[in-house]
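Data first, discussion second: the structure below is written as structure tokens.
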There are 2 protein chains.
Amino acid sequence: MNRPIRRVTIKQVAEEAGVSTQTVSRVINERPDVAPETRQRVKEVIARLGYQPSSVARSLIQGRTRTLGVVGYGVEYFGPSRNLSGIEQQASEMGYALILDLVRRPEQSNVEHILREMLARHVDGIIWAVPEIGGNREWVTQAPQLPVPLIFLSTQPRPGIAIANVDNRSGGRMATRHLIEQGRRNIGIITGPLSWWEARQRQCGWQDALENAGLPVSEEFVVEGDWSAASGEQGLRMLLERCSRLDAVFASNDQMALGALQAARRAGLRVPEDLAIVGFDDIPEAAYFCPPLTTIRQDMVELGRLAVRELSRMIEASLEGQTTIEPRAILLRPQLIVRESTVPQGNRTYLFRR
Amino acid sequence: MNRPIRRVTIKQVAEEAGVSTQTVSRVINERPDVAPETRQRVKEVIARLGYQPSSVARSLIQGRTRTLGVVGYGVEYFGPSRNLSGIEQQASEMGYALILDLVRRPEQSNVEHILREMLARHVDGIIWAVPEIGGNREWVTQAPQLPVPLIFLSTQPRPGIAIANVDNRSGGRMATRHLIEQGRRNIGIITGPLSWWEARQRQCGWQDALENAGLPVSEEFVVEGDWSAASGEQGLRMLLERCSRLDAVFASNDQMALGALQAARRAGLRVPEDLAIVGFDDIPEAAYFCPPLTTIRQDMVELGRLAVRELSRMIEASLEGQTTIEPRAILLRPQLIVRESTVPQGNRTYLFRR
DNA sequence: AGGTATATTGTTATCGTTAACGGGATACCA
DNA sequence: TGGTATCCCGTTAACGATAACAATATACCT
């Protein structure tokens, strides 16, 4: 393995081309005040030596790295990974690189340490994409004091703080309203862990829909899961024990819905005839569940893209010394995807009802 | 939004503590030659001002950023996302930050551009985790000429190049041998896209197992999918048309196996009695398929961790000016997970046969 | 001719940090 | 007393680039 001993620097290019480093710099940055033939000569040398400006040195003097810090959780899950993908796409299109930090225990991560690390690397802005669990976001009040802008993803809005969310509550409402429209009256919910803000939001949506329809909201219909298929299976078993007239369930994610499907099958219930099931997320597999799963799709890629655009806007404003800019709250509406776990195959025309 | 105008620098700390910047630097880096009370005083100032050394400036002079470049593909899929997770864990434990670049079209990504970008940011090493598709890795011969070490993930081994793989061929063999041991004799395969090296490896494993068992290997039994559930569904339909005595299928990933399960159901076949199905990956949902899916588990997290450790070893060697270090090829064996898609529920004892 | 504008290039300082070296003070030894 | 070692700290230069300014040459105008 033979490596070039050192990188090529601007100095070497300057020497080789017989000009000053400043002139080379001007060529690199496409400044106008360079004679055409000089520019040409320098460009040739750059190409010949394979010179690449050091963005580290550049960052130092310009006070900006064109780097965003991303603090994420759960890339192995569908939503967060799509989210990261969207962030990367938009960042890359806007000329930003990403520094990635994945948190393993979102409920007790060392915020202080992570932020210091990011700031030491002079990121221009930070995307905080860790779910809000228990009190793990109490430090939010300090966010405006950070030397760089920060945007939160999927956390509770708060005045003066930039944020981008999918409207989980509205999603829960849509899922539940759909079940009601199918004539269901005893609608249970398998929630996510209730320490999660998003899980509570989805539950609120479920409750909204029931109340709007004048249906009773009972504790009896609520079971708390942990997002896993196993917990969905167990959750449905518990609901069925408690309430034999249960005719529908809103599972707060597709994995739990999958578990619930299995529990229904084992209990000898037909889906959707005896029991309708709605999920949340629309993972790619959902269309191939048995039966295919009705669910709520959220565009996490777009959410990531929007977050980067908003953060970039904040960065620009901050660089120009503007202090008047008010952080926005972005809210993305999810979408109901109807499949056979709520509507019997024969009734497919329902889909086109309106 | 009021931000601190500027960051605290070492100069301010030095001034405030009445020492030179060099002394502050010595305190930060825990050098021995500082008087205890001076050290104490400086530390207090650091704490009071909330000073954090700039790793940008540090990188510039030390010629090392403690940063790894990760070029990845498909974080929205299970394997790659776990892989990234493992990389991040190990890197973080070893004090490296990650710069992430996600490629969207792995078969025609701009390698040159990506590498230049990474090198401009002075990464200490690069992890290339983009699947090998068609000729998209022909540039591999230039890898040893890069100024920093590079390790490939999930690509064809090559002497002189560091690499870390799951043994896909062995996985394909295990899956197929398991089917043979179940008494199956007409075993089809739904492959991944055959432009993918990994897909071909899995197919080779299937062929190995058939040949070892003295079973005929026929083109008729091969259908090419595209990793999606839809292609798995269509794939099985085609296999069934071609060959009515088909009694088992190896689907080269779990999504395609899911599609195949649906196709089998629609064709009125019982799984596993009429048709046994094996997948590949062991996604978390696989255990909740209908029936639960036998599959090949690969530890992508561990693969990521190993890659980082190996890369770190190469970086250290490179920094010490060693040229003798020979890049290793890491090969991780996958594992067969037996579930009900190949073994009828009553026969569960099979699991403990040996 | 002299003055002013414009085009092109170079010089010096700077970003925040550390490497390399030097120098003063003290202690210890012959 | 002088020499040497050790401790502690400061000065200068450097990393690789750009900002700010200065300088030169040329062109153009009055």
Side-chain angles (χ1 to χ4, degrees), chain A residues 4-43 45-46 49-67 116 119-124 147 319, chain B residues 4-43 45-46 49-67 116 119-124 147 319:
Chain A
I5 309 303
R6 297 181 60 81
R7 295 169 204 266
V8 182
T9 71
I10 198 172
K11 216 166 161 183
Q12 293 168 49
V13 174
E15 212 156 298
E16 190 80 9
V19 295
S20 73
T21 59
Q22 184 59 228
T23 300
V24 178
S25 170
R26 279 190 270 252
V27 171
I28 298 166
N29 296 289
E30 298 286 357
R31 298 288 158 75
D33 47 356
V34 178
E37 61 267 41
T38 309
R39 185 184 300 273
Q40 185 57 29
R41 197 170 69 243
V42 171
K43 281 197 167 170
V45 174
I46 287 176
L49 300 186
Y51 166 71
Q52 172 79 20
S54 156
S55 52
V56 173
R58 219 174 233 182
S59 303
L60 192 57
I61 193 151
Q62 293 184 330
R64 121 169 250 190
T65 52
R66 294 218 141 265
T67 296
R116 289 178 80 86
L119 293 178
R121 292 186 181 267
H122 291 220
V123 295
D124 293 339
L319 287 178
Chain B
I5 310 302
R6 297 181 61 81
R7 294 168 205 268
V8 182
T9 71
I10 198 172
K11 215 164 160 183
Q12 292 168 50
V13 174
E15 211 157 298
E16 190 80 11
V19 294
S20 73
T21 59
Q22 185 58 229
T23 300
V24 177
S25 170
R26 278 191 270 253
V27 171
I28 298 165
N29 295 289
E30 297 287 354
R31 297 289 158 73
D33 48 355
V34 178
E37 61 266 42
T38 309
R39 186 184 298 274
Q40 185 56 31
R41 197 171 68 242
V42 171
K43 282 197 167 172
V45 174
I46 288 176
L49 300 187
Y51 166 70
Q52 173 79 19
S54 155
S55 53
V56 172
R58 221 175 232 181
S59 304
L60 190 58
I61 194 154
Q62 293 184 331
R64 134 165 237 191
T65 51
R66 292 218 142 266
T67 295
R116 288 178 80 88
L119 293 178
R121 292 188 181 265
H122 290 222
V123 295
D124 293 339
L319 287 178

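Chain A is the first sequence line, chain B the second, and so forth, proteins listed ahead of strands; every chain is numbered from 1.
Side-chain atoms of A:Glu16 and A:Val13, non-hydrogen and from C-beta on, never get closer than 4.5 Å to each other. Side-chain contact check for A:Ile28 versus A:Ile46: some heavy-atom pair is nearer than 4.5 Å. In this structure the side chain of A:Ser59 never reaches within 4.5 angstrom of the side chain of A:His122, judged on heavy atoms. Contact of the A:Arg31 side chain with the A:Gln22 side chain is not registered, since no non-hydrogen atoms from C-beta on lie closer than 4.5 Å.
Summarising the geometry, the separation between CD1 on A:Ile61 and P on C:dT12 is reported as 16 Å, rounded to the nearest angstrom. Spacing between atom CZ of A:Arg64 and atom P of D:dA17 amounts to 19 Å, rounded to whole angstrom units. For the pair A:Leu60 CG and C:dC15 P, the computed distance is 9 Å after rounding to whole Å. C:dT14 atom P lies 21 Å from atom CZ of B:Arg7, rounded to whole Å. For A:Arg58 and C:dG16, the CZ to P distance is 18 Å, given to the nearest whole Å. Atom pair A:Arg39:CZ and C:dA7:C1' shows a separation of 12 Å (rounding to whole Å applied). Put simply, CD on A:Glu37 is 8 Å from P on C:dT8, counting in whole angstrom units. When rounded to the nearest whole Å, the span between CG of B:Asp33 and C1' of C:dG24 equals 15 Å.
The side chain of B:Ser54 lies closest to C:dG16, out of C:dG16, D:dC9, C:dT8. Of the listed nucleotides (C:dG10, C:dT8, C:dT18), C:dG10 has the atom at the smallest distance from the side chain of A:Val19. The side chain of B:Arg26 has D:dC9 as its nearest neighbour among D:dC9, C:dG16, D:dA17. Residue B:Ile10 places its side chain closer to C:dG16 than to any other of C:dG16, D:dA17, C:dT9. Distance from the side chain of B:Arg31 is smallest to C:dA19 among C:dA19, D:dA14, D:dA19. Distance from the side chain of A:Thr9 is smallest to D:dA17 among C:dT18, D:dA17, C:dT9. Nearest to the side chain of B:Gln22, among C:dG10, D:dG10, D:dC15, sits D:dG10. For B:Thr23, the side-chain atoms get nearest to D:dC9 when compared with the rest of C:dT17, C:dT11, D:dC9.
Nearer the 5' end of DNA chain D, as judged by each residue's closest nucleotide, is the contact made by B:Gly18, out of B:Gly18 and B:Ala57. Each of B:Ser20 and B:His122 has a nearest nucleotide on DNA chain D; the 5'-most of these lies closest to B:Ser20.
Among the heavy atoms of the strands, none lies under 4.0 Å from B:Val56.
With hydrogens and angles ignored, the 3.5 Å screen pairs a side-chain donor or acceptor of B:Arg7 with a backbone N or O of A:Leu119.
Put simply, A:Thr38 has a side-chain N or O that comes within less than 4.0 Å of OP1 or OP2 on C:dT9.
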